[in-house]
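Order of the sequence lines fixes the chain letters, A, B, ..., with proteins taken first and strands second; residue numbering starts at 1 for each chain.
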Protein chains: 4
Amino acid sequence: MREKILESALRLYTSKPPQSISMEEIAKNAGVSKGTIFYYFKNKNNLESELLSYSIEKYFSWIYGEPRDCKTLEKIVRKALKIAKDNPRLTMFWYYVFEKEIFSGNTQFARQLYDEMLEFLTLLLEDMGIDKPEQTAIILMAMLDGISIYSLFIPELDVDEIGNLILEFVKGRCKR
Amino acid sequence: MREKILESALRLYTSKPPQSISMEEIAKNAGVSKGTIFYYFKNKNNLESELLSYSIEKYFSWIYGEPRDCKTLEKIVRKALKIAKDNPRLTMFWYYVFEKEIFSGNTQFARQLYDEMLEFLTLLLEDMGIDKPEQTAIILMAMLDGISIYSLFIPELDVDEIGNLILEFVKGRCKR
Amino acid sequence: MREKILESALRLYTSKPPQSISMEEIAKNAGVSKGTIFYYFKNKNNLESELLSYSIEKYFSWIYGEPRDCKTLEKIVRKALKIAKDNPRLTMFWYYVFEKEIFSGNTQFARQLYDEMLEFLTLLLEDMGIDKPEQTAIILMAMLDGISIYSLFIPELDVDEIGNLILEFVKGRCKR
Amino acid sequence: MREKILESALRLYTSKPPQSISMEEIAKNAGVSKGTIFYYFKNKNNLESELLSYSIEKYFSWIYGEPRDCKTLEKIVRKALKIAKDNPRLTMFWYYVFEKEIFSGNTQFARQLYDEMLEFLTLLLEDMGIDKPEQTAIILMAMLDGISIYSLFIPELDVDEIGNLILEFVKGRCKR
DNA sequence: GATGAATGAGGATTCATTCAT
DNA sequence: GATGAATGAATCCTCATTCAT
């Protein structure tokens with residue numbers, strides 16, 4: 001049931017502005033009563049946080065099973081940009097929850113997701129022989145996040161070309 | 001009076017989560033009545049948008065007067081990171097308004113600010129002899145925006161070091 | 001609960017000027033919370049419309065069960081005038097809602113009530129052998145509505161006498 | 001200036017729902033400031049009442065100069081129905097002000113207009129040899145007012161035909 | 001006479017959340 | 001486990017009116 005609610009909520013949150021979604025609507029959409037939502041999720045904030053984890057997992061968990069090589073790096077960059085391009089509403093939802101959490105002082109949440117990804121990328125870049133792997137990883141992630149945001153309001157953004165430059169940047173930091 | 005309201009609202013918005021600020025509070029803070037706020041600003045959304053423009057102007061308008069050279073580039077990067085680091089609430093406010101506008105379908109707003117900055121940076125990079133100046137400018141901006149967001153939840157982020165890497169990246173794209 | 005709200009709202013609306021009644025007051029009067037009112041009625045307009053139907057039903061639904069003869073006609077005329085005389089606040093409420101709906105372009109509402117009554121009266125007058133029954137019915141209704149309004153500001157209006165003349169008018173249109 | 005305001009307000013009030021008109025709009029429409037409106041009219045209510053008198057005068061004052069005969073009666077009936085038909089917004093405005101005044105307990109206003117017209121019609125009907133001239137006049141006025149209201153939501157109403165019946169009714173009350 | 005900036009009371013509406021069933 | 005009726009705090013916004021200039 002929990003999963004059913006999450007799945008239907010995800011569909012809802014990737015179809016319209018998150019601020020405009022009420023518990024009423026989530027319940028109706030999931031085909032259950034409002035009470036049931038509150039039975040499974042402490043409150044709206046909790047539901048949205050759980051939904052963020054759920055959706056991040058859904059779209060990015062594959063990464064952690066990949067080998068730590070150049071191919072994977074490329075895959076990550078391409079995929080991240082593709083998701084942003086193809087699924088703006090999803091990107092919006094992610095930023096919506098992040099913002100809410102961070103602005104209200106709860107940084108742990110974002111922190112954890114950031115740390116996980118940073119650790120993986122740092123190791124990957126290290127294995128690739130990149131100089132200052134952690135700093136490079138941070139910048140890489142920042143670039144991807146920044147571009148994801150831009151793609152929300154610049155429809156003509158050529159993410160393939162941008163992807164190339166980003167990869168060039170990383171590879172250019174290879175120690176000889 | 002308009003300015004007085006904006007100035008006091010800016011103080012308010014850089015002191016607490018934007019979602020928690022009511023028109024009531026803005027009025028009280030400015031020492032005027034609610035009606036006065038609505039006399040100068042059509043509605044809350046309008047006030048917040050105007051406040052965004054006002055604050056962006058305040059912090060970034062100096063850029064457009066600078067010469068288009070390497071020094072300016074460095075100044076921009078340093079300053080942008082410094083603002084984010086020193087003034088997280090301001091950064092939050094900016095993202096709050098952007099998000100609101102973009103998510104509700106009004107992309108023109110973000111678009112205009114983006115275009116202005118992009119144009120300036122592209123010319124600057126061009127003058128510096130950078131390859132693919134526009135694409136590079138986009139990535140540069142994305143990096144700065146991404147890092148600004150990260151600094152909101154990673155207090156130990158060393159923005160000076162990151163600034164160095166970013167500058168290296170740009171300069172590394174110099175055509176020989 | 002819906003009924004309870006309507007019943008208490010009707011009492012309120014027949015006790016003071018409709019323009020002066022707030023949702024707050026309606027809720028307090030019904031002994032429920034404001035939220036409950038909005039749970040059962042989409043908005044204030046909807047509540048007032050429903051209340052109009054509810055009260056019209058309450059006072060006039062008996063008509064449609066009556067035989068279509070001269071006696072009924074007399075009963076209708078007498079009753080309509082008596083309601084206006086005895087219950088000016090109710091009459092006011094009716095005109096208040098009608099006006100609101102019509103002025104805002106929603107004529108369907110008034111139209112339906114008008115059509116129902118017109119159909120019944122037309123058939124009744126037809127059965128009574130009245131010439132031009134539909135037109136006569138329209139005029140009859142107009143007279144009753146007009147007099148109802150007058151009784152709001154002419155307390156000394158002798159509605160019995162007026163009723164006599166109205167009935168004379170109708171009967172005078174009998175085909176020989 | 002007073003006249004200028006009234007004239008422009010009348011244009012406004014006959015172009016949109018009266019409830020939707022603010023002092024701001026009236027002022028803008030008249031090309032003066034809000035303060036000026038309040039200089040010439042004590043408050044909004046006063047402005048609307050004065051506007052009612054002004055417009056009634058404009059459309060009906062001719063009556064009192066007419067001879068008291070059958071021709072005039074016909075002219076009055078035809079004209080009253082024609083105004084309602086051609087100028088629904090004006091009719092709406094009249095009922096809007098009447099309603100406001102009466103509902104808030106101020107019946108004198110409506111009363112005076114009613115009395116003036118009643119006196120004239122009573123004398124006219126008397127001169128025509130009509131039985132119970134005052135009662136007949138009241139009913140005649142009620143009919144015209146009722147039909148005026150109906151014409152607001154029944155566009156296909158044939159006011160000419162109705163006018164004929166109304167005149168028949170009055171003339172039928174001639175003492176032989 | 002004329003202005004328009006400033007007021008602030010007042011009202012509708014939303015919606016997360018609770019809880020008896 | 002599941003429901004949905006009931007709550008009430010929170011908030012935006014409107015607009016007639018005032019008054020210093």
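When rounded to the nearest whole Å, the span between CD1 of C:I37 and C1' of E:dC15 equals 17 Å. Between the OH atom of D:Y39 and the P atom of F:dT18 there is a distance of 15 Å, given to the nearest Å. The nearest whole Å value for the distance from the CZ atom in A:F41 to the P atom in F:dA2 is 12 Å. The separation between B:I5 atom CD1 and E:dT7 atom C1' is 12 Å, rounded to whole Å. Put simply, CD1 on D:I26 is 17 Å from P on E:dG4, counting in whole angstrom units. A straight line from CG of D:L47 to C1' of F:dT17 spans 14 Å, rounded to a whole angstrom.
Heavy atoms of other residues, nucleotides or ligands lying less than 6.0 angstrom from CD of D:Q108 number 12 at most. No more than 12 heavy-atom neighbours from other residues, nucleotides or ligands sit within 6.0 angstrom of CD on A:Q112.
Toward the 5' end of DNA chain F, the nearer of the two residues C:M1 and D:N45, judged by each one's closest nucleotide, is C:M1. Of the residues near DNA chain E, A:K42 and C:G35, the one whose nearest nucleotide (by heavy atom distance) lies more toward the 5' end is C:G35.
Residue pairs meeting the salt bridge (Lys or Arg N to Asp or Glu O under 4.0 Å) criterion with at least one partner in residues 31-42 of chain A, sequence neighbours excluded, are A:E24-A:K34. Note on residues 88-105 of chain D: pairs passing salt bridge (Lys or Arg N to Asp or Glu O under 4.0 Å), not counting sequence neighbours, are D:E48-D:K100. Note on residues 3-40 of chain D: pairs passing ring-ring contact (aromatic ring centres under 6.0 Å, His included), not counting sequence neighbours, are D:Y13-D:F93.
C:S151 and C:S148 share no donor-acceptor pair across their side chains, judged by distance under 3.5 Å alone.
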Using a cutoff of under 3.5 Å, can you pull out all pairs of nitrogen or oxygen atoms linking the protein to nucleotides 10-12 of chain F, with atom names and distances?
residue : atom : partner : partner atom : Å
F:dC12  : OP1  : B:K44   : NZ           : 2.8
F:dC12  : OP2  : B:M23   : N            : 3.1

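Checked against ring-ring contact (aromatic ring centres under 6.0 Å, His included), A:Y95 has no partners two or more places apart in sequence or in another chain.
C:Y59 and C:W94 have perpendicular rings, their planes meeting at more than 60° on a 0 to 90° scale where under 30° would count as parallel.
Taking 4.0 Å as the cut-off between side-chain N and carboxylate O, A:R2 and A:E7 do not count as a salt-bridged pair.
Taking a pair as Watson-Crick or G-U wobble with both distances under 3.5 Å, DNA chain F forms stems of 3 or more consecutive pairs at E:2-21 with F:2-21.
Here D:Y40 lies in heavy-atom contact (under 4.0 Å) with sugar-phosphate atoms only.
In terms of phosphate contacts, A:T36 brings no side-chain nitrogen or oxygen within less than 4.0 Å of OP1 or OP2 of F:dA2.
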